[in-house]
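Remarks on the structure that follows.
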There are 2 protein chains.
Amino acid sequence: MSDVKGAATPGAAALRATLVFNLGTLGALATDRFAARVEALGLKPKHAGLLAALDAESAASQQELATRLGVVPSLIVSLADQLQALGAVERVRDPEDRRRQVLTLTAEGRRLLARCAEAAEAADAELAAGLTAAQRTALGRELRALRAAQTPDGR
Amino acid sequence: MSDVKGAATPGAAALRATLVFNLGTLGALATDRFAARVEALGLKPKHAGLLAALDAESAASQQELATRLGVVPSLIVSLADQLQALGAVERVRDPEDRRRQVLTLTAEGRRLLARCAEAAEAADAELAAGLTAAQRTALGRELRALRAAQTPDGR
DNA sequence: TATTGTTATACTCTATAACTATA
DNA sequence: TATAGTTATAGAGTATAACAATA
């Protein structure tokens with residue numbers, strides 16, 4: 001109703017105040033920074049996500065992984081192809097159901113995963129350089145809480 | 001050094017504990033949820049970002065907007081084309097430098113921006129449904145702090 | 001007939017490069 | 001010659017759909 005000139009409309013301020021807006025923009029920034037650091041390993045963020053998912057549940061069928069990561073099965077095929085070419089994962093036919101390809105991390109895969117963790121920690125340090133230790137701890141805690149609040153086994 | 005069987009390697013736990021990993025995955029999720037809600041308005045998240053940037057600084061050249069949003073100028077052209085077709089922005093030649101196209105929000109643009117804010121708030125409610133009010137407030141505060149800590153005029 | 005994985009294909013998003021007009 | 005914007009083109013990433021092998 002008011003028509004104050006020069007002041008921002010409530011709309012933009014309201015949008016900028018939302019979680020989704022801030023999570024979206026900061027998430028894109030964080031992913032870019034992380035991607036730049038794992039590029040030298042021959043990996044993209046999605047590869048790191050797949051390695052982490054594999055390590056968390058050690059050995060899983062490609063279909064399981066597809067739903068766990070929230071992507072389509074054909075994408076798992078190409079990610080796994082690339083990781084296999086790097087020697088990071090092994091594909092083994094499940095003897096109990098020969099349609100299934102069971103993926104497992106190799107020693108090299110675990111080594112790469114550890115490198116990814118280092119890269120993420122370095123990106124964290126860069127991203128949170130302007131925050132106090134207390135702020136950073138609080139942020140980490142709240143993000144984990146939000147993550148836990150998503151569909152229990154969410155991506 | 002230890003080789004506990006069945007336990008996750010330190011790598012995955014370490015990666016999952018980082019800010020970039022959690023920001024990246026939650027950011028992608030948040031953006032998807034937001035995108036689903038603004039789709040009916042004929043908008044994608046990037047359009048909402050451009051509207052918000054325009055509202056915050058009311059009228060800007062396309063080059064300014066490109067650097068502010070961290071995208072290439074040619075992307076601003078197509079986003080602005082689409083917003084103009086929706087009647088959300090106006091392009092006016094700067095009389096002092098006729099190479100410049102100054103973009104401004106129209107009344108319809110402000111209306112759409114307000115709708116985007118509503119969509120984001122609805123997505124927030126869905127995303128943070130499992131959090132306490134205190135957790136949600138804390139998360140919002142920490143995210144704004146992190147955002148403020150990026151390159152002062154960061155995207 | 002249903003399911004797992006694979007391949008072939010197409011679509012979306014965004015960037016790079018070439019071009020136009022103004023300065 | 002340099003800059004703002006535009007257009008043309010190409011690449012990355014991911015999805016959809018058709019297919020093969022196994023259940």
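Predicted model, so just to flag it, every value in this text is computed and none were measured. Numbers restart at 1 for each chain; the letters A, B, ... are given by sequence-line order, proteins then strands.
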Indicate the atoms forming the closest heavy-atom contact of [X] with [Y], along with that distance.
X	Y	answer
A:Leu19	B:Ala128	CD1-CB, 4.0 Å
B:Ala60	B:Leu65	CB-CG, 3.9 Å
B:Phe21	B:Leu15	CB-O, 3.2 Å

Side chains of residues 92-99 of chain B: which donor-acceptor partners sit under 3.5 Å, not counting sequence neighbours?
| residue | atom | partner | partner atom | Å |
| --- | --- | --- | --- | --- |
| B:Arg93 | NH1 | B:Arg98 | O | 3.0 |
| B:Arg93 | NH1 | B:Arg99 | O | 3.1 |
| B:Asp94 | OD1 | B:Glu96 | N | 2.8 |
| B:Asp97 | OD1 | B:Arg99 | N | 3.1 |
| B:Asp97 | OD1 | B:Arg99 | NE | 3.1 |
| B:Asp97 | OD2 | B:Arg99 | NH2 | 2.9 |

Identify every side-chain donor-acceptor pair in residues 35-45 of chain B under 3.5 Å, counting partners at least two apart or on other chains, and give the distances.
| residue | atom | partner | partner atom | Å |
| --- | --- | --- | --- | --- |
| B:Arg37 | NH2 | B:Glu126 | OE1 | 3.3 |

Practice prompt. Determine whether the side chains of A:Gln62 and A:Arg100 contain a donor N or O and an acceptor N or O closer than 3.5 Å.
Written response: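 No, no side-chain donor-acceptor pair sits under 3.5 Å.
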Interatomic distance, [X] [atom1] vs [N] [atom2] [rounded to whole Å]:
X	N	atom1	atom2	value
B:Leu50	C:dC13	CG	C1'	16 Å
B:Leu65	D:dA4	CG	P	13 Å
A:Arg100	C:dA2	CZ	P	18 Å
A:Gln62	D:dA21	CD	P	17 Å
B:Glu64	D:dA4	CD	C1'	11 Å
A:Asp81	C:dG5	CG	P	13 Å
B:Gln101	D:dT7	CD	P	10 Å

Extract from the structure each pairing of a protein N or O with an N or O of nucleotides 10-15 of chain D at less than 3.5 Å, listing the distance.
| residue | atom | partner | partner atom | Å |
| --- | --- | --- | --- | --- |
| D:dG13 | OP1 | A:Lys44 | NZ | 2.5 |
| D:dG13 | OP2 | A:Lys44 | NZ | 2.8 |
| D:dT14 | OP1 | A:Lys46 | NZ | 2.5 |

Worksheet item: Is B:Glu142 paired with A:Arg136 through a side-chain N to carboxylate O contact shorter than 4.0 Å?
Response: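 Salt bridge: no.
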Item to complete: State whether B:Asp55 and A:Arg16 are salt-bridged, where the test is any N-O pair (Lys NZ or Arg NE/NH1/NH2 against Asp/Glu carboxylate O) under 4.0 Å.
Response: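 Salt bridge absent between B:Asp55 and A:Arg16.
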Item to complete: List for me each residue that meets side-chain hydrogen bond (donor to acceptor under 3.5 Å, both in side chains) alongside B:Gln82, sequence neighbours excluded, and say none if there are none.
Response: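 side-chain hydrogen bond (donor to acceptor under 3.5 Å, both in side chains) check on B:Gln82 returns B:His47.
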Practice prompt. For the pair B:Thr106 (side chain) and B:Gly87 (backbone), establish whether a donor and an acceptor sit closer than 3.5 Å, ignoring hydrogens and angles.
Written response: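 A pair under 3.5 Å: yes.
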Fill in: Angle between terminal axes - the helix from C:dT1-D:dA23 to C:dA23-D:dT1, 5 pairs each end, rounded to 10°
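Comparing the first five pairs with the last five, the axes sit 20° apart.
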Item to complete: Let me have a per-nucleotide readout for nucleotides 18-23 of chain C, 5' to 3', with B, S or -, counting only protein heavy atoms under 4.0 Å.
Response: ----BS
Worksheet item: A:Leu23 and A:Leu143: side-chain contact (heavy atoms from CB on, under 4.5 Å), yes or no, with the steps?
Response: CA-CA 10 Å; A:Leu23 277 175; A:Leu143 286 176; 4.0 Å; yes
